[in-house]
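Because the structure is predicted, anything quoted here is derived from the model rather than measured.
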2 protein chains.
Amino acid sequence: MTTRASKRPPKGDTEADETVYTAILDAILAGRLVAGTKLAETPLAELFGVSRERIRKVLHRLVAERRLEAVTNRGVRVPCPTPDDVRAIYQAHRVLEAGILVELASRLDDALLGRLADHIACERQAAADGDRAASVRLSGQFHLLIADSLGNAELSAALRDLLSRSSVMVSVFEAATDSICGANEHAAIVEALRARDTARAIALSGDHFRHIETRLRLKMPSGGRPDLPAIFRPPAPAG
Amino acid sequence: MTTRASKRPPKGDTEADETVYTAILDAILAGRLVAGTKLAETPLAELFGVSRERIRKVLHRLVAERRLEAVTNRGVRVPCPTPDDVRAIYQAHRVLEAGILVELASRLDDALLGRLADHIACERQAAADGDRAASVRLSGQFHLLIADSLGNAELSAALRDLLSRSSVMVSVFEAATDSICGANEHAAIVEALRARDTARAIALSGDHFRHIETRLRLKMPSGGRPDLPAIFRPPAPAG
DNA sequence: GTCGTGCCAAATGTGCACATTTTGCCTTGC
DNA sequence: GCAAGGCAAAATGTGCACATTTGGCACGAC
């Protein structure tokens with residue numbers, strides 16, 4: 001307490017890190033940062049009004065979390081996922097949710113069924129109101145709700161990590177704007193759970209993801225940008 | 001090209017990063033770094049003969065990957081997982097493998113069944129030879145083999161991330177030394193897959209993980225160290 | 001005798017300056 | 001006119017020195 005207001009914020013730097021980190025991450029997740037964009041350190045430092053070292057730290061953290069890609073001496077870029085990459089993420093989500101449904105079926109209670117029903121009611125309400133943004137958000141949260149129901153932090157974290165990567169939210173948005181009937185598919189899954197028909201719940205969940213995958217595959221290759229890295233990549237093993 | 005051999009290796013620094021990173025990570029995974037150990041920067045820098053900044057970078061990377069825990073201005077420590085944490089990881093693995101088995105059942109072929117049979121043969125051979133280390137290694141690789149069979153890099157990475165955290169390898173070692181009959185349980189799972197009995201395969205897999213969990217729960221609380229952070233943590237929600 | 005307070009050493013966090021690499025552009029030769 | 005080589009500017013990577021915080025320890029008060 002020798003000096004009141006020192007030259008610079010003496011302890012608020014930690015939140016400065018968080019501010020920059022959150023700003024960049026939000027920009028990635030919201031799709032404002034187009035895939036392939038290079039994030040130079042100096043402009044970011046000037047933009048946020050912080051030192052370049054601080055930007056470097058945040059950027060390296062995002063690289064470690066696989067939110068950004070880094071090349072030595074050539075800076076970091078927003079990853080440019082190929083359609084196959086996105087498909088792999090949806091497939092991984094499908095597999096994970098199948099396992100979650102198996103576990104969930106063994107410890108289903110009325111309280112959980114009620115929460116799922118409430119959520120679907122919210123989804124339908126948003127759809128009825130024509131609130132596209134809310135519909136998309138609730139549609140994604142349905143799967144998180146299922147995962148979180150197990151109360152396993154590792155599983156929840158793994159799923160969130162999967163979803164947050166490769167600008168999936170944008171993809172979901174693209175897919176959901178076509179048809180907001182997702183709530184019905186969600187309701188069918190819950191109904192199968194209520195009937196203790198695990199196999200049917202898994203099958204419905206799988207169909208649900210395959211629907212999204214199909215819509216994505218129809219949309220993604222027709223993107224406005226050339227997506228050269230994907231074009232010149234060796235052909236997918238068709239598996 | 002002004003000076004031939006400059007003061008320091010001009011380009012080998014990247015591999016210096018990898019050397020330090022690998023050394024610390026290996027020490028964590030192999031259990032040589034006891035949980036709760038503090039990793040100060042200065043001693044590590046002197047030990048590896050590199051600058052403190054390099055150590056800092058590696059440490060922060062490990063923190064971002066959740067291999068280490070960091071507290072501001074108080075350095076980084078090796079995480080001290082509670083028995084509940086370890087149990088959660090095994091539960092997550094169980095859930096994930098259930099989903100993998102569902103997917104695997106829909107695209108099973110003789111080649112894959114053959115590879116699984118070969119692997120189990122290796123496991124039994126190692127058990128017959130009394131090679132404990134090989135048995136443990138092969139036992140863990142069985143689950144990785146199943147996951148990798150789907151050819152989904154995201155799933156494989158998620159599983160490896162799950163396994164590598166919280167010194168699971170040590171736990172597996174502890175559990176497996178009790179009884180090396182794991183190969184038989186693995187064989188039963190493969191047999192159910194061959195019979196196209198997905199439900200049975202999932203049930204057997206679940207039992208397999210529950211066996212390990214049970215052994216762990218019997219062993220872990222009796223550890224030699226006090227494990228105070230775990231002791232003074234609020235009681236588990238018994239769920 | 002024990003508790004509270006103030007100071008000192010150590011460790012962490014941060015900004016800065018320099019070394020190295022990359023890349024776009026200019027010059028030069030064919 | 002075109003291509004190849006080199007040069008310069010910019011951007012990244014790194015070590016260093018300093019500021020700040022933490023934890024322990026000693027001294028003094030009750």
Side-chain angles (χ1 to χ4, degrees), chain A residues 1-24 33 36-65 67-79 228-229, chain B residues 1-24 33 36-65 67-79 228-229:
Chain A
M1 57 190 66
T2 54
T3 63
R4 280 188 241 193
S6 294
K7 334 167 190 180
R8 296 180 229 91
K11 63 186 176 186
D13 290 10
T14 302
E15 65 185 68
D17 273 9
E18 279 301 308
T19 300
V20 176
Y21 172 80
T22 305
I24 297 180
L33 274 176
T37 304
K38 176 181 176 181
L39 268 59
E41 300 171 355
T42 309
L44 286 176
E46 295 172 357
L47 176 64
F48 287 103
V50 299
S51 70
R52 191 168 68 93
E53 313 308 310
R54 196 168 291 275
I55 297 290
R56 281 177 67 77
K57 187 166 61 171
V58 171
L59 255 41
H60 281 128
R61 176 178 167 191
L62 287 165
V63 169
E65 292 169 349
R67 258 70 180 236
L68 293 175
E69 286 177 349
V71 180
T72 307
N73 288 324
R74 290 189 56 181
V76 302
R77 311 179 75 87
V78 180
L228 294 180
Chain B
M1 62 188 71
T2 54
T3 63
R4 277 187 243 195
S6 295
K7 333 166 190 183
R8 298 176 229 92
K11 63 185 175 186
D13 291 9
T14 302
E15 64 186 68
D17 273 11
E18 280 299 310
T19 300
V20 176
Y21 173 80
T22 304
I24 297 179
L33 273 176
T37 304
K38 177 181 176 181
L39 268 59
E41 299 171 355
T42 309
L44 286 176
E46 295 173 357
L47 176 64
F48 287 102
V50 300
S51 71
R52 192 167 68 92
E53 315 307 311
R54 196 168 290 275
I55 297 291
R56 281 177 67 77
K57 187 166 63 171
V58 172
L59 255 40
H60 282 113
R61 176 177 166 191
L62 288 165
V63 168
E65 291 169 348
R67 258 67 180 240
L68 293 175
E69 287 177 348
V71 180
T72 307
N73 287 323
R74 291 188 53 182
V76 302
R77 309 180 76 87
V78 180
L228 295 180

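Taking five base pairs at each end of the helix from C:dG1-D:dC30 to C:dC30-D:dG1 and finding the rotation axis that steps the C1' atoms of four pairs onto the next four gives two axes whose angle is 0°, to the nearest 10°.
Residue A:Leu47 holds its CG atom at 12.5 Å from OG1 of A:Thr42, rounded to the nearest 0.5 Å. Going from atom CD1 of B:Ile55 over to atom CG of B:Asp17 covers 9.0 Å, rounded to the nearest 0.5 Å.
Side-chain atoms of B:Lys57 and B:Tyr21, non-hydrogen and from C-beta on, never get closer than 4.5 Å to each other. Using a 4.5 Å heavy-atom cutoff, the side chains of A:Leu33 and A:Leu39 are in contact. Within the 4.5 Å cutoff, no side-chain heavy atoms of A:Leu62 are placed close to those of A:Val76.
Between B:Arg77 and B:Glu69, none of the side-chain N atoms (NZ, or NE/NH1/NH2) sits under 4.0 Å from a carboxylate O, so this pair counts as no salt bridge. For A:Arg61 and A:Glu18, the salt-bridge test passes: some basic side-chain N is under 4.0 Å from an acidic carboxylate O.
One atom, CD of A:Glu41, and another, C1' of C:dC16, lie 14 Å apart when rounded to the nearest Å. Taking atom NZ of residue A:Lys57 and atom P of nucleotide D:dG13, one finds them 16 Å apart after rounding to whole Å. The nearest whole Å value for the distance from the CG atom in A:Leu39 to the C1' atom in D:dT12 is 14 Å. Note: CD (B:Glu46) to P (C:dA11) measures 9 Å, nearest angstrom. Between the CD1 atom of A:Ile55 and the P atom of C:dC16 there is a distance of 14 Å, rounded to whole Å. Per the geometry, CZ belonging to B:Arg61 stands 14 Å off P belonging to D:dG13, to the nearest Å. The CG atom of A:Leu68 sits 13 Å away from the P atom of D:dT12 (whole-angstrom rounding).
Each of A:Asn73 and A:Ser51 has a nearest nucleotide on DNA chain C; the 5'-most of these lies closest to A:Ser51.
Here the nucleotide nearest the side chain of B:Arg56, chosen from D:dT14, C:dG13, D:dT12, is C:dG13.
Taking 4.0 angstrom as the limit, A:Arg74 places none of its side-chain polar atoms (N or O) nearer than this to OP1 or OP2 of C:dT21.
Contact annotation for A:Glu53: base contact, defined as any heavy-atom pair under 4.0 Å involving a base atom.
Evaluation of atom-type donor-acceptor distances gives a pair under 3.5 Å for the side chain of A:Arg52 against the base of D:dG13.
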